[in-house]
Amino acid sequence: MKICFVGTGYVGLISGTCFADLGNSVICVDNNKEKINCLRKGEVPFFEPGLSEKIIKNINSNRLTFSSDLSQSIIHSDFIFIAVGTPDKKDGSADLSSIDNVLETIISSLKFHKFTKQKLLITKSTVPVGTGKKIATLFKKNGISSKNIAVLSNPEFLREGSAIYDFFTPERIVIGGENADAIQRLKVQYETNLLHECPIITTNLETAELSKYTSNTFLATKISFINEVSNLCEKTGADIQCISKIMGLDKRIGKLFLQPGPGYGGSCFPKDVKALISVADENDVSMDIAKATQSINAKQKTIHLKHLYDYYNNDIKNKTIGILGISFKPNTDDIREAPSLEIIKDLLQKKCKIKVYDPEALSNLKKVFKEDATNIIYCQTLDDVSTDTDALILTTEWNMFRELDLDKIHDLMNVPLFIDLRLVYTTKTLTAHGFDCFCIGEPPIFNRNY
Ligand code: NAD
């Protein structure tokens with residue numbers, strides 16, 4: 001099967017590569033020519049475990065190619081997956097301008113094309129409910145009949161950091177559309193490719209589109225809920241880890257997404273919660289739970305810095321604060337909407353000096369804080385980030401932070417104050433190593449006085 005992926009970001013590049021790995025002929029297209037040139041040489045523009053090796057393997061077996069020429073790429077493709085970004089606009093609604101650009105090119109190159117076989121246009125990008133119908137109408141208006149091109153929605157549920165595993169072992173595949181034959185063709189494509197048995201849910205366009213937003217908003221809500229509970233545990237002596245366990249053992253609740261932290265981030269949850277609220281507003285429906293989720297999350301990112309400021313009696317200027325972990329979660333270099341960014345901004349505003357360490361995300365961080373170059377030190381080792389700091393804040397639970405040499409770090413720091421926003425450690429462990437500390441969900445243990 002000839003497959004075209006438009007957009008070589010996390011979704012398009014990973015899914016395209018995995019489809020190639022399954023024996024399909026895949027062309028990945030992007031309007032960023034520099035990116036395409038790098039990809040042709042096997043250089044991968046972001047970090048995702050196992051991706052680089054798979055790309056090189058499939059380039060070498062001639063199953064995976066790259067192009068910046070969308071018109072040519074779609075002419076020879078049976079399946080055209082759209083996987084371009086749909087970021088949020090200032091008003092919270094989804095910005096569909098990249099999708100519009102892609103459609104413009106597709107329409108102008110297919111308008112006078114002689115079709116021998118119906119093409120499938122499959123939206124993998126997360127788009128507001130109603131988008132698929134609008135795309136089908138646009139094709140019709142431009143003289144491209146649904147016999148020649150069928151519009152399908154196939155929302156993507158992969159998780160950055162384990163995206164390859166998720167592609168090959170999905171929990172469900174959702175296909176929305178109006179044309180039963182077209183739905184069936186995509187269904188068969190998945191069934192023949194995936195060895196793992198997985199429910200394939202076929203439905204209409206609207207349901208498929210909305211299901212992606214509701215899934216993400218529900219997960220975000222779980223996170224905001226447990227974060228509020230952990231703030232209550234901090235004040236009452238209840239054990240947040242034990243509460244998460246007790247709740248999670250209830251099958252109706254489920255154990256995932258019940259870990260407290262500095263709020264959700266990434267390229268999906270924040271924008272998808274906003275877009276769901278926006279699309280509901282347009283339909284005169286108020287998404288009150290989603291709104292609460294969003295405002296809890298906004299507060300949660302920096303709420304615990306108050307312990308640091310209290311510790312120093314608000315005399316924080318010129319203190320050196322080390323940040324362990326920048327990416328919005330482990331195993332990715334993606335820092336879009338990462339809580340660490342808000343934490344760093346808050347600290348910079350208070351005139352702190354910042355040291356940062358992350359195994360993969362430092363180069364992305366440099367692009368965001370270009371103007372603060374003198375106040376941020378980008379460290380290459382754990383020793384560097386710890387040395388002479390007045391506090392360390394653990395913001396992302398990379399595995400390497402689970403095995404810190406706490407005695408060494410204690411001795412390297414100027415003031416051994418450890419703030420753990422991911423519950424990698426407990427106050428019991430940290431105090432045993434001589435730290436003053438705050439671990440999310442527990443009251444702070446501050447033995448020194450400043
Ligand atoms: P991304 O920002 O990483 O990549 C988007 C790519 O599209 C970029 O390489 C960009 O250059 C390219 N592009 C933009 N306009 C283009 C055009 N006109 N022609 C060709 N290429 C163009 O985005 P992403 O994280 O891969 O997300 C893509 C979509 O998938 C979004 O709608 C997102 O919400 C959804 N999604 C993302 C994830 C995730 O974990 N990242 C998971 C599920 C769904």
Side-chain angles (χ1 to χ4, degrees), residues 4-18 27-39 43-49 51 66-74 77 80-89 93-109 121-128 131-132 153-167 170-174 208-209 211-217 219-220 264-276 327-329 331-338 364 367:
C4 173
F5 266 88
V6 191
T8 59
Y10 288 85
V11 168
L13 185 59
I14 294 167
S15 309
T17 303
C18 291
I27 183 154
C28 285
V29 182
D30 207 287
N31 61 355
N32 181 336
K33 287 190 180 154
E34 205 182 316
K35 209 173 190 182
I36 292 297
N37 287 338
C38 289
L39 282 166
E43 292 166 18
V44 184
F46 53 83
F47 172 72
E48 176 66 34
L51 181 63
F66 297 97
S67 172
S68 49
D69 186 340
L70 178 58
S71 302
Q72 274 309 308
S73 308
I74 55 171
S77 301
I80 304 160
F81 284 92
I82 300 189
V84 296
T86 48
D88 48 329
K89 290 202 278 199
S93 63
D95 180 350
L96 300 182
S97 52
S98 294
I99 301 249
D100 293 342
N101 287 342
V102 171
L103 291 174
E104 213 175 289
T105 311
I106 292 181
I107 287 169
S108 58
S109 55
L121 183 98
I122 306 148
T123 312
K124 255 204 184 298
S125 298
T126 305
V127 293
T131 305
S153 165
N154 175 216
E156 181 54 64
F157 296 98
L158 59 73
R159 299 162 299 172
E160 286 175 24
S162 53
I164 294 181
Y165 173 83
D166 289 346
F167 179 91
E171 286 174 343
R172 78 291 210 194
I173 290 165
V174 177
E209 289 166 345
S211 70
K212 172 66 191 176
Y213 282 112
T214 52
S215 296
N216 274 358
T217 303
L219 292 173
Y264 58 79
S267 68
C268 292
F269 286 7
K271 81 167 173 63
D272 291 351
V273 174
K274 279 186 212 165
L276 180 64
S327 55
F328 83 96
K329 65 173 179 178
N331 293 324
T332 179
D333 61 355
D334 196 343
I335 63 165
R336 291 178 281 185
E337 306 257 353
N364 281 339
K367 293 177 208 154

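In each ligand, atom 1 is the first atom listed, and ligand 1 is the first ligand listed. Atom set for the values below is all heavy atoms of this structure, side chains included, hydrogens, waters and symmetry mates excluded.
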Next item on the list: Distance to 0.1 Å, residue and atom name: give those for the protein heavy atom nearest to atom 34 (O) of ligand 1.
Entry: Lys271 NZ, 2.6 Å
Margin query: Give me the atom names and distance for the closest heavy-atom approach of Ile164 to Glu48.
Written below: N-OE2, 4.4 Å
Next item on the list: Would you give the length of the straight line joining atom CZ of Phe66 to atom OG1 of Thr8, rounded to the nearest 0.5 angstrom?
Entry: 7.5 Å
Item checked: Under 4.0 Å to a heavy atom of Gly85 - the qualifying atoms of ligand 1, by number -> 5 (C)
Checklist line | Minimum-distance protein heavy atom relative to atom 20 (C) of ligand 1 | finding: Asn31 N, 3.2 Å
Checklist line | Nitrogen or oxygen of Lys212 less than 3.5 angstrom from that of ligand 1 | finding: no
Check: What part of Val6, side chain from CB on, backbone N/CA/C/O, both or neither, has a heavy atom under 4.0 Å from ligand 1?
Finding: side chain
Check: Does an N or O anywhere in Asp30 fall below 3.5 Å from an N or O of ligand 1?
Finding: yes
Notebook entry, point to check: Got a second to check how far Lys329's NZ is from Phe269's CZ, nearest 0.5 Å?
Noted result: 7.5 Å
Note to self: Rounded to the nearest 0.5 Å, what separates atom NZ in Lys271 from atom OG1 in Thr86?
What the structure shows: 3.5 Å
Next item on the list: Identify the heavy atoms of Ser327 and Ala338 that sit nearest to each other, and give their distance.
Entry: C-CB, 4.2 Å
Check: Which heavy-atom pair separates Cys28 from Gly12 by the least distance, and what is that distance?
Finding: SG-O, 4.2 Å
Notebook entry, point to check: Do the side chain of Ser77 and the main chain of Ser73 share a donor and acceptor less than 3.5 angstrom apart?
Noted result: yes
Check: Counting each atom of ligand 1 from 1 as listed, which ones have a heavy atom of Gly7 under 4.0 Å away?
Finding: 6 (C), 7 (O), 12 (C), 21 (N)
Check: In terms of atom number and element, which parts of ligand 1 are under 4.0 angstrom from non-hydrogen atoms of Val102?
Finding: 17 (C), 18 (N), 19 (N)
Note to self: Using a plain distance cutoff, I'd like to know if Val11 has any nitrogen or oxygen under 3.5 Å from a nitrogen or oxygen of ligand 1.
What the structure shows: yes
Check: Under a 4.0 Å heavy-atom limit, does Ala83 contact ligand 1 with its side chain, its backbone, both, or neither?
Finding: backbone
Margin query: Tell me whether Asn32 has any N or O atom under 3.5 angstrom from an N or O of ligand 1.
Written below: no
Check: Which bit of Ser125 is near ligand 1, meaning a heavy atom under 4.0 Å away: side chain, backbone, both or neither?
Finding: both
Notebook entry, point to check: What atoms in ligand 1 come closer than 4.0 Å to a heavy atom of Lys35?
Noted result: 8 (C), 9 (O)
Checklist line | Side-chain donor or acceptor of Asp272 paired with backbone N/O of Asn216 under 3.5 Å | finding: no
Check: What protein heavy atom sits nearest atom 24 (P) of ligand 1, and how far away is it?
Finding: Tyr10 N, 4.0 Å
Note to self: Below 4.0 Å, non-hydrogen atoms only: which portion of Arg336 touches ligand 1? Side chain, backbone, both or neither.
What the structure shows: side chain
Notebook entry, point to check: At what distance, to the nearest 0.5 angstrom, does OH of Tyr264 lie from CG of Leu219?
Noted result: 11.0 Å
Margin query: Students should be able to answer this: which protein heavy-atom is nearest to atom 29 (C) of ligand 1, and at what distance?
Written below: Val84 O, 3.4 Å
Check: Has Glu104 got more than 12 heavy atoms of other residues, nucleotides or ligands less than 6.0 Å from its CD?
Finding: no
Next item on the list: Check ligand 1 against Gly9 and write out every atom of the ligand that is under 4.0 Å from a heavy-atom position of the residue.
Entry: 1 (P), 3 (O), 4 (O), 6 (C), 9 (O), 26 (O)
Notebook entry, point to check: Among protein heavy atoms, which sits nearest to atom 32 (O) of ligand 1, and what does the distance come to when rounded to 0.1 Å?
Noted result: Thr86 OG1, 2.5 Å
Next item on the list: Using a strict cut-off of 4.0 Å, indicate which atoms of ligand 1 neighbour a heavy atom of Glu160.
Entry: 39 (C), 40 (O), 41 (N)
Margin query: Counting only nitrogen or oxygen atoms and a 3.5 angstrom limit, does Thr126 reach ligand 1?
Written below: yes
Next item on the list: Below 4.0 angstrom from a heavy atom of Cys268, which ligand 1 atoms are there? Numbered from 1 as shown, please.
Entry: 36 (N), 37 (C), 38 (C), 39 (C), 40 (O), 42 (C)
Notebook entry, point to check: So, does Arg159 sit close enough to ligand 1 that a heavy atom of it is under 4.0 Å from the ligand?
Noted result: no
Notebook entry, point to check: Can you check side chain to side chain contact (heavy atoms under 4.5 Å, CB included) on Phe5 and Lys124, steps first, answer last?
Noted result: CA-CA 9 Å; Phe5 266 88; Lys124 255 204 184 298; 4.1 Å; yes
Item checked: Check ion pair Lys89-Asp95 (N to O, under 4.0 angstrom) -> no
Checklist line | Which of the ligand 1 atoms, numbered from 1, are nearer than 4.0 Å to a heavy atom of Ser98 | finding: 14 (C), 15 (N), 18 (N)
Notebook entry, point to check: Going from OG on Ser15 to CZ on Phe167, what distance comes out if it is rounded to the nearest 0.5 angstrom?
Noted result: 6.0 Å
Next item on the list: Grab the two heavy atoms, one from Ile36 and one from Val29, that are nearest each other, plus how far apart they are.
Entry: CD1-C, 4.3 Å
Checklist line | Nearest-neighbour protein heavy atom for atom 43 (C) of ligand 1, which is reported as residue plus atom name and distance | finding: Glu156 O, 3.2 Å
